[in-house]
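In what follows, a structure is listed as structure tokens, so that the remarks can point back to it.
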Amino acid sequence: LPLSFSGDRGQLRRLVTRGAGLELFTAGFYRFWLATDIRRHLWSNTTVDGDAFEYTGRGKELLIGFLFALAILVPIYLGYFLVSVEVERYQKFASFPLLLSFYAFGQFAIYRARRYRLTRTIFRGVRFWMDGSAWSYASRATLWGLLMLLTLGLALPWREAALERYKLKHSYYGDVQGSFGGRGWDFFKHAWWLWLLAPFAVVIFPLAPFLYAEFKAVESRWWLSGIRFGSIRLESTLRRNALYGPYWKAVAWSAALFAAFALLFGQTFLAGIDGASHDPSLASGATANSIPSLIAAGLGYLTFILSLNVVVRVYLLRDVWARALASINVHGMELTASVSAKARLASALGEGFADGLDVAGF
Amino acid sequence: MGDGLVAYFDGTSSRRRLVTLAFKDRLEVDEDQNTLAVWSYADIRRVDGPPGTLRLSCLTEPALARLEVRDAKLAAELVSCCAQLDDDIPGRHGVGAIVGWSIVAVASIIAVIIYGVPLAADRLTPLVPQSLELRLGQLAEAQLKMMFDGRICKETAGQAAFMKVAAAVKQAAGLRDVTIRAAVFSSPIANAFALPGGTIYLFEGMLAKAENADEIAGVLAHEIGHLKFRHGIRNLIYGGGTSFLIGLLFGDITGSGALIFASRVLVTASYSREAEQDADTFAIDTMHRLGRSPRPMGELIFRATGEERDNGLSMLSTHPLSEDRRARMSSEDRRPSKPPLLTQAEWTLLKAICK
């Protein structure tokens with residue numbers, strides 16, 4: 001059975017454009033509601049066997065999760081500062097374990113964020129849910145992260161396989177347990193040459209979007225094909241070049257936006273930099289010192305960033321989502337005609353941490 | 001009435017049932033001859049669904065029980081029956097409230113930055129233990145030595161002359177609870193630093209621009225002023241607090257780091273200008289107590305920076321304009337009541353301290 005995505009591109013574009021405008025007026029607080037609206041759009045337009053998914057998360061939950069996460073993170077940051085001051089006295093780089101603990105905390109957030117999203121996902125009146133321990137996940141992810149560091153990234157396929165196995169083993173659709181069938185070796189077989197080429201992409205930068213798009217395509221195909229829930233099995237036929245389009249469009253749009261921004265406000269910024277560096281030969285104090293032009297430049301910069309967000313959400317989120325879904329075949333649906341509901345709701349605290357720590361996970 | 005086009009999920013199992021709807025005083029959901037559920041119209045709510053499908057839930061039924069109506073005519077009839085259908089649709093009437101509350105939040109964060117954080121910095125600074133301040137000073141020192149490549153100048157005769165000036169200023173400044181160590185640092189930049197914990201570095205570049213010992217004494221007095229008011233710690237608390245709050249405002253919008261940085265520079269610069277004013281006031285008083293004029297210090301600062309007006313963004317600079325500082329110190333000019341701090345010979349030795 002094919003999975004299909006029926007979302008109207010223009011509708012999502014209008015949604016994220018309006019959301020970006022509201023983010024500007026709310027100093028970013030609208031992000032929680034925008035993220036929710038985007039997910040509602042993506043979920044409710046995703047159909048399998050004639051029935052569509054439903055996302056029941058709400059922006060307010062995300063806001064509350066963020067505030068809770070903040071209340072926990074602030075003392076931790078303060079403590080981190082004091083401890084790192086004390087520790088560095090004895091030995092340089094002694095604060096490395098502290099950084100490591102922050103990494104672990106980020107992984108914890110990723111697990112809890114996934115759990116929040118999954119428990120808000122409904123299919124045929126039955127909820128997905130997750131158990132397992134986010135701390136246990138975080139310690140696995142950190143150890144695998146260290147191994148990846150030691151092997152210069154070569155361990156990535158096995159890391160992803162191990163972590164996905166943990167996440168999906170603890171995921172359920174009603175009373176049906178999930179599992180992950182992907183193996184690290186299969187991923188490695190398809191992606192090792194990208195690892196070899198990566199250093200060249202740093203030098204010849206037009207290569208980078210190709211390589212990254214290809215990597216994402218290989219990774220998504222492998223990941224999607226590994227997902228199982230009971231007898232339900234996903235199979236993806238995503239082609240390696242399937243994501244070139246979205247990535248190149250995103251790059252082109254970003255470049256165009258940057259050029260427009262530089263043309264409009266470049267002068268103010270140069271003047272600002274020269275003012276800070278006290279170089280009289282570059283001085284153009286008259287334009288730079290006027291507050292309106294500074295405010296205009298600040299707003300221009302925000303508009304630039306928010307337009308970039310629109311580009312990313314339309315091409316890299318929506319288009320990639322649509323292409324990945326179109327490649328999926330679902331097997332074994334008929335054997336799971338009746339799944340009983342069994343679920344516990346998870347709080348949005350994890351998403352709050354993810355937001356506060358600036359980590360993102362699928 | 002579009003039989004078979006309505007799907008029903010009871011919310012306890014994923015089984016999909018094809019049902020017919022009977023519009024009575026309440027909505028009956030029937031499968032064959034059995035009534036599976038009865039929904040009152042007032043409790044029926046619309047939920048997200050794919051295009052072309054009306055998806056409904058009911059407040060009094062299991063939360064995930066769903067009716068899916070694909071037939072447009074039937075859907076229209078249902079919509080006309082359910083008055084409160086769209087009451088729970090998120091974002092329908094919430095956007096105004098979100099914008100309003102966000103503006104309130106932004107206003108309160110700005111108020112905290114302007115009034116709250118400086119107050120907190122003033123109140124918290126005396127509570128920071130001396131040991132932590134010393135520790136921070138050591139960190140800052142290591143950083144300073146990395147940023148400005150150089151060493152501490154120890155040429156004996158020059159060092160003696162420098163200690164003489166420094167001792168006289170320390171005496172006049174009258175700081176008893178802080179141990180102050182002062183040294184000349186071999187960097188060509190015309191500057192001086194007071195590190196938390198009591199270390200003062202005068203850069204060789206500043207010494208090279210100086211023409212007499214009063215100028216150096218004034219600069220040292222200014223730096224001791226920073227130590228007296230513990231400006232290092234105050235700046236740290238203030239800077240940390242404002243960065244955190246400004247980050248809270250824009251932090252989410254990925255990549256707005258530059259904006260956070262810019263607004264932080266703007267805000268902290270004005271705070272720093274106030275601190276510099278205070279240190280200048282302290283330096284002027286100290287010079288008066290030494291029986292020397294503060295005027296040479298103003299001359300040295302002006303010589304070191306040059307004309308600053310109309311030079312870029314005065315809002316961004318961390319110090320008051322040099323011409324203003326010179327004018328202020330000139331206005332405090334008094335005839336020296338005590339002999340010069342160094343003889344001409346000692347001054348020559350001090351100038352050569354890094355040779």
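Heavy-atom basis, side chains included; hydrogens, waters and symmetry copies ignored. Chain A is the first sequence line, chain B the second, and so forth, proteins listed ahead of strands; every chain is numbered from 1.
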Over all atoms of both residues, closest heavy-atom pair of Pro51(B) and Asn45(A): CD-OD1, 2.9 Å

Of all heavy-atom pairs linking Ser102(B) and Phe29(A), the shortest is OG-CB, 3.4 Å

Which one of Arg40(A), His41(A), Arg39(A) satisfies the side-chain hydrogen bond (donor to acceptor under 3.5 Å, both in side chains) criterion with Asp48(B)? Arg40(A)

Exceeds 12 heavy-atom contacts within 6.0 angstrom, atom CZ of Phe5(A): yes

Answer with side chain, backbone, both or neither: which region of Leu67(B) has an atom nearer than 4.5 Å to a non-hydrogen atom of chain A? neither

Please examine the side chains of Val95(B) and Leu22(A), heavy atoms only from C-beta on, and report whether any two atoms are closer than 4.5 Å. yes

Roughly how far apart are Arg66(B) CZ and Glu54(A) CD, rounded to 0.5 Å? 4.0 Å

Value rounded to 0.5 Å, distance of CG in Leu63(A) from CD1 in Ile98(B): 9.0 Å

Structural part of Phe53(A) lying under 4.5 Å from a heavy atom of chain B: backbone

Thr46(A), part contacting chain B, at a heavy-atom distance under 4.5 Å: neither

In this structure, which one of Asp51(A), Val126(A), Asp175(A) forms a side-chain contact (heavy atoms from CB on, under 4.5 Å) with Ser14(B)? Val126(A)

